[in-house]
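Below is one structure, written out as C-alpha cells, with a few remarks after it.
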Amino acid sequence: ISPYILRRLKTDKSVITDLPDKVEMKTYASLSKKQVVLYEDLVDDIAERLEQKDGIQRRGIILSSLVKFKQLCNHPDQYLGTGGFHEKDSGKFARLREICETIFEKREKILIFTQFKEITKPIHDFLAGIFRRDGLVLHGSVPVRKRKGLIERFQNADDYTPFMVLSLKAGGVGLNLTEANHVVHFDRWWNPAVENQATDRAFRIGQKKNVMVHKFQTRGTIEEKIDAMLVEKSE
C-alpha cells in the first residue's frame, strides 16, 4: 500500500452516485406495567446485594445485572424465562408492531437485530402474525450451509419474504441483504461500530431505496444510559 492508502466511502457522491440515503432515528418505547414492577424489584434487589459486597464482587453484580436489565427491557418473559411473550407485556413489541404494519402495507422488507439468540424466535412468531406469513431467523446455531439458502430466499424479489430476525454476532457482517430497506436494532450493543456493520447489511451497494434505521430504547431505563455512551463513543 506504500506510498498511498486509498479510502473509498460509499457515502461519497463523487465515488458512487446512485446509493440512497440512510436515515437513523432513536425509537422510544415505554415499559409495560409488568416491566415497571419487575424493573423496580430488580433495582431494589441489586441495591441490597451491593451493600453486602465490595471490590470485585460489586463489579460482578453490576455486570451480570446489565444483561438482566436489557433482557427485561426487551420482554419480561425473556428475563423470567417463562415463555409466552405476549405483546401487551412489552413496550418494544407494541412499538415494533406500529413500524411493521406500515412496512407490510408498502410490501417492503425489514431486518431486526438483537444480541440475544433466545428472543429471535419469539420476535419471528410475533412478526409472522403481523405480516401473515413466516420470515427467516439467522443466529449462531444455524448451520453455515443453510445460511446461503436463507439469504437467497430473502433476496428473491419475486417471493415476498418480509422480514429476517438476526443475532448481531451471526448476522452483523458478511451478508448482502439489500432487499430490506428497514433495519431495527431491537436492543443496543456496546460498540457503535458493530451496530453500523449490522446496518450495512442493507445499506450497501445494490440498495435502491432509502434505508430507515430504528434504534430501540425504553424510556427511563438503563438503555438511555447505553445510548448516551454510544453517542459519546461515536463522537
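We're numbering straight along the sequence, starting at 1.
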(message) Membership question, hydrophobic clusters at under 4.5 Å side-chain separation (ILVMFWY): are Ile62 and Val43 in the same one?
(response) yes

(request) Under the ring pair (Phe, Tyr, Trp, His ring centres under 6.0 Å) rule, what do His124 and Phe163 come out as? Steps first, then yes or no, please. (result) CA-CA 8 Å; His124 170 277; Phe163 65 93; 5.3 Å; yes

(request) Give a yes or no on whether Leu175 and Val165 share a hydrophobic cluster (residues Ile, Leu, Val, Met, Phe, Trp, Tyr; joining criterion: side-chain heavy atoms under 4.5 Å apart). (result) no

(message) Check whether Trp189 forms a cation-pi arrangement with Lys215 (NZ or CZ under 6.0 Å from the six-membered ring centre, at most 45° off the ring normal).
(response) no

(message) So which atom in Leu38 and which in Pro76 form the shortest heavy-atom distance, rounded to 0.1 Å?
(response) CD1-CB, 3.6 Å

(message) With a 4.0 Å cut-off on N to O distance, would you call Arg97 and Glu87 a salt bridge?
(response) yes

(message) Within the 4.5 Å heavy-atom criterion, are Glu195 and Asp200 side-chain neighbours or not?
(response) no

(request) Before giving the answer on salt bridge (Lys or Arg N to Asp or Glu O under 4.0 Å), spell out for Arg188 and Asp227 the whole-Å C-alpha distance, their side-chain angles and the decisive distance to 0.1 Å. (result) CA-CA 8 Å; Arg188 310 296 302 281; Asp227 177 69; 3.1 Å; yes

(message) Evaluate Thr114 against Leu168 for side-chain contact (heavy atoms from CB on, under 4.5 Å), listing each step before the verdict.
(response) CA-CA 6 Å; Thr114 172; Leu168 195 63; over 6 Å; no

(message) Quiz question: by atom type and distance under 3.5 Å, do the side chains of Thr178 and Gln155 form a donor-acceptor pair?
(response) yes

(request) Please name the pair of heavy atoms, one in Thr120 and one in His139, separated by the smallest distance, quoted to 0.1 Å. (result) OG1-CD2, 3.6 Å

(request) Please name the pair of heavy atoms, one in Val231 and one in Lys26, separated by the smallest distance, quoted to 0.1 Å. (result) CG2-NZ, 3.9 Å

(message) For Gly140 versus Ser167, what's the shortest heavy-atom pair and its separation?
(response) N-OG, 3.9 Å

(request) Indicate yes or no: at least one non-hydrogen side-chain atom of Ile110 is less than 4.5 angstrom from one of Val183. (result) no

(message) I need the minimum non-hydrogen distance between Cys100 and Leu127, along with the two atoms involved.
(response) SG-CD2, 3.6 Å

(request) Determine, step by step, whether Glu223 and Thr218 satisfy the side chain to side chain donor-acceptor pair (under 3.5 Å) criterion, reporting the C-alpha distance in whole Å, the side-chain angles of both residues, the deciding distance to 0.1 Å, and the verdict. (result) CA-CA 6 Å; Glu223 290 192 325; Thr218 45; 2.9 Å; yes

(message) With a 4.5 Å cut-off on side-chain heavy-atom distances among I, L, V, M, F, W and Y, is there a chain of contacts connecting Leu80 to Val36?
(response) yes

(request) Please report the closest heavy-atom contact between Val213 and Lys22, naming both atoms and the distance. (result) CG2-CG, 3.9 Å

(request) Could you give me the CA-CA distance, side-chain angles and deciding distance for His182 and Lys109, then say whether side-chain contact (heavy atoms from CB on, under 4.5 Å) is met? (result) CA-CA 6 Å; His182 298 269; Lys109 298 186 180 183; over 6 Å; no

(request) Calculate, to the nearest 0.5 Å, the distance between atoms NZ and CG belonging to Lys117 and Leu166 respectively. (result) 14.0 Å

(message) As an exercise, state the distance from OG of Ser234 to CG of Asn196, rounded to the nearest 0.5 Å.
(response) 6.5 Å

(message) Would you compute the distance between atom CD of Glu179 and atom CZ of Arg201 and round it to the nearest 0.5 angstrom?
(response) 16.0 Å

(request) Can you run down the side chain to side chain donor-acceptor pair (under 3.5 Å) pairs that involve residues 51-65, sequence neighbours left out, and say none if there aren't any? (result) none

(request) Determine, for Tyr160 and Arg107, whether the Lys NZ or Arg CZ falls below 6.0 Å from the six-membered ring centre while staying within 45 degrees of the axis. (result) yes

(message) Is it true that Thr27 and His185 share a donor-acceptor pair across their side chains at a distance under 3.5 Å?
(response) no

(request) Output all residues satisfying ring pair (Phe, Tyr, Trp, His ring centres under 6.0 Å) with His75, sequence neighbours left out; order by chain, then residue number. (result) Phe85, Phe93

(message) Looking only at side-chain N and O atoms, does Gln78 offer a donor or acceptor that is under 3.5 Å from a partner on Glu118?
(response) yes

(request) Kindly compute the distance separating CD (Gln217) from CG (Asp187), expressed to the nearest 0.5 Å. (result) 12.0 Å

(message) Could you tell me if Lys169 and Gln115 have a donor-acceptor pair between their side chains, going purely by distance under 3.5 Å?
(response) no

(request) Keeping the roles fixed (side chain from Gln207, backbone from Ala202), state whether a donor-acceptor pair exists under 3.5 Å. (result) yes

(message) Are Val137 and Leu111 linked, directly or through intermediate hydrophobic residues, by side-chain heavy-atom contacts shorter than 4.5 Å (ILVMFWY only)?
(response) no

(message) Using side-chain heavy atoms (C-beta onward) and a distance below 4.5 Å, is Val142 in contact with Leu150?
(response) yes

(request) Classify the side-chain pair Lys88/Ser32 by whether it contains a donor and acceptor separated by less than 3.5 Å. (result) no

(message) Would you say that Ile61 contacts Ile46 through its side chain, given a criterion of any heavy-atom pair below 4.5 Å between the two side chains?
(response) yes

(request) For residues Leu96 and Ile123, determine if any side-chain heavy atom of one lies less than 4.5 Å from a side-chain heavy atom of the other. (result) yes

(message) Do Ile99 and Met212 have side chains that approach each other closer than 4.5 Å (heavy atoms only, starting at C-beta)?
(response) no

(message) Is there a side-chain contact (heavy atoms from CB on, under 4.5 Å) between Lys92 and Asn74? Walk through the geometry before answering.
(response) CA-CA 6 Å; Lys92 285 188 179 180; Asn74 281 354; 2.9 Å; yes

(request) Assess whether side-chain contact (heavy atoms from CB on, under 4.5 Å) is satisfied between Asn156 and Thr161, documenting all intermediate values. (result) CA-CA 8 Å; Asn156 184 355; Thr161 303; over 6 Å; no

(message) Hydrophobic clustering (ILVMFWY, side-chain heavy atoms < 4.5 Å, transitive) - are Phe154 and Phe203 grouped together?
(response) yes

(request) Report yes or no: do Asn210 and Asp21 form a side-chain donor-acceptor pair below 3.5 Å? (result) no

(request) First locate atom OG1 of Thr221, then atom CG of Leu72, and finally report the distance between them rounded to the nearest 0.5 Å. (result) 9.0 Å

(message) Between Lys233 and Asn191, do the side chains contain a donor N or O and an acceptor N or O under 3.5 Å apart?
(response) no

(message) Counting C-beta onward and ignoring hydrogens, is there a side-chain heavy-atom pair between Met164 and Ile112 closer than 4.5 Å?
(response) no

(message) Can you see whether Tyr79 has Lys68 sitting over its ring - NZ or CZ less than 6.0 Å from the centre and within 45° of the normal?
(response) no

(request) Only counting residues at least two apart or in another chain, list the ones meeting ring pair (Phe, Tyr, Trp, His ring centres under 6.0 Å) with Tyr39. (result) Phe69

(request) Enter the distance from Leu138:CG to Phe113:CZ here, rounded to the nearest 0.5 Å. (result) 9.5 Å

